[in-house]
Amino acid sequence: MVVKLYTYNMSPSVRSCLMACEIFNVPFEKIPIDIQAGEHLTPEFLKKNPIHQVPVMEDGDLTLHDSHAILPYLADTYGKDDSWYPKDVKKRALVNQKLIFNAVIIFARARNITGQVVLTGKRTIEPELIAAVEEGYEFMEAFLSRTKYIAGDHVTIADVAILAVMTSLTQIIKLDAQKYPKTSAWLENLKTAPYCKKYDEAGANELAAYVNSRVA
Ligand SMILES: N[C@@H](CCC(=O)N[C@@H](CS)C(=O)NCC(=O)O)C(=O)O
């Protein structure tokens, strides 16, 4: 039985789950949902996720939405060891903390910009939305000044979640390498990972190009 993943290539949350499927060798089927065409609003899709968002994952009788729930599930179920999502309670707590940091700060602030451009045709980015993203970069720099990866000295699913946002966001709101050296090095390093090249790069570039062409 394969995992079903409802996807939209430009979505960072989707791209993080695709990368996780690659990392954990999950046999999966990709089911594209064109959110610009409203396919996430059909009664059939709303049964799977009443809050009409991708990604949605189905594994047997489990239907799960939200990448920050899907990534831990995939790591626990399909990971060969616990390095990407430690079983040690304290280490796991730090990974969870950074998954939440992504959900409520990095991804949320990116989505405040990109979501409206993609879904409602908005053509401006207010200065306060840019300032909020810059503040997010400052938080990243503070964390990455303490540890090599976002939740410690090893790469984890929290890095994967944030990577999928940063690969597109930094093409829209520049990440100044002088101001944010640790974050720039973290990003440049992870961008070369095979899972990022295979499942993130094209969608990240597509989202950035789409947004930049509309707000230019
Ligand atoms: N917290 C969710 C966010 C998912 C999300 O915002 N998905 C967007 C695409 S990036 C979406 O489906 N938007 C359509 C909508 O909200 O109607 C996650 O991490 O999966």
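We count residues from 1, following the sequence as given.
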Sequence neighbours excluded - ring pair (Phe, Tyr, Trp, His ring centres under 6.0 Å) pairs with any residue from [range]:
range            : result
residues 49-68   : H40-H52
residues 120-144 : F101-F143, Y137-Y180
residues 109-128 : none

Nearest non-hydrogen partners of [X] and [Y], listed with the distance:
X    : Y    : result
Q171 : T167 : NE2-O, 3.0 Å
L71  : S16  : CD2-O, 3.5 Å
S13  : S67  : O-CB, 3.5 Å
L74  : C21  : CD1-SG, 4.1 Å
I125 : L129 : CG2-CB, 4.3 Å
Q36  : Y210 : NE2-OH, 2.9 Å

Measuring from atom [atom1] of [X] to atom [atom2] of [Y], what distance do you get when rounded to the nearest 0.5 angstrom?
X    : Y    : atom1 : atom2 : result
L41  : L46  : CG    : CG    : 6.5 Å
I35  : F45  : CD1   : CZ    : 9.0 Å
N102 : M166 : CG    : CE    : 10.0 Å
Y6   : I31  : OH    : CD1   : 4.0 Å
R92  : I157 : CZ    : CD1   : 7.5 Å
I162 : M140 : CD1   : CE    : 5.0 Å

Can you list, pair by pair, the side-chain donor-acceptor contacts under 3.5 Å of residues 112-120, counting residues two or more places apart and other chains?
| from | atom 1 | to | atom 2 | distance (Å) |
| --- | --- | --- | --- | --- |
| T114 | OG1 | A110 | O | 3.1 |
| T120 | OG1 | Q116 | O | 2.6 |

Worksheet item: Got a sec, which pairs hit salt bridge (charged side-chain N to carboxylate O under 4.0 Å, His left out) with one end in residues 27-54, sequence neighbours left out?
Response: K48-E58
Item to complete: Would you list the pairs meeting salt bridge (charged side-chain N to carboxylate O under 4.0 Å, His left out) in which at least one residue belongs to residues 203-216, sequence neighbours left out?
Response: none
Worksheet item: Would you say the side-chain atoms of S168 pair up with the backbone N or O of V165, donor to acceptor, closer than 3.5 Å?
Response: yes
Practice prompt. Keeping the roles fixed (side chain from E141, backbone from K182), state whether a donor-acceptor pair exists under 3.5 Å.
Written response: yes
According to side-chain contact (heavy atoms from CB on, under 4.5 Å), who are the partners of [X], at least two apart in sequence or on a separate chain?
X    : value
D81  : S83
K80  : N25
T124 : K122, E126

Worksheet entry | K90, NZ atom: more than 12 neighbouring heavy atoms under 6.0 Å | no
Worksheet item: Do K148 and D159 sit within salt-bridge range, that is, some charged N less than 4.0 Å from a carboxylate O?
Response: no
Taking the side chain as C-beta and beyond, is there a heavy-atom pair between [X] and [Y] under 4.5 Å?
X    : Y    : result
R109 : I105 : yes
L187 : L163 : yes
V95  : P86  : yes
L18  : F28  : yes

Fill in: Qualifying residues under side chain to side chain donor-acceptor pair (under 3.5 Å), relative to Y85, sequence neighbours excluded
N96
Fill in: Set of residues satisfying salt bridge (charged side-chain N to carboxylate O under 4.0 Å, His left out) with respect to D200, sequence neighbours excluded
R15
Item to complete: Go through the structure and list residues passing ring-ring contact (aromatic ring centres under 6.0 Å, His included) with Y73, not counting sequence neighbours.
Response: none
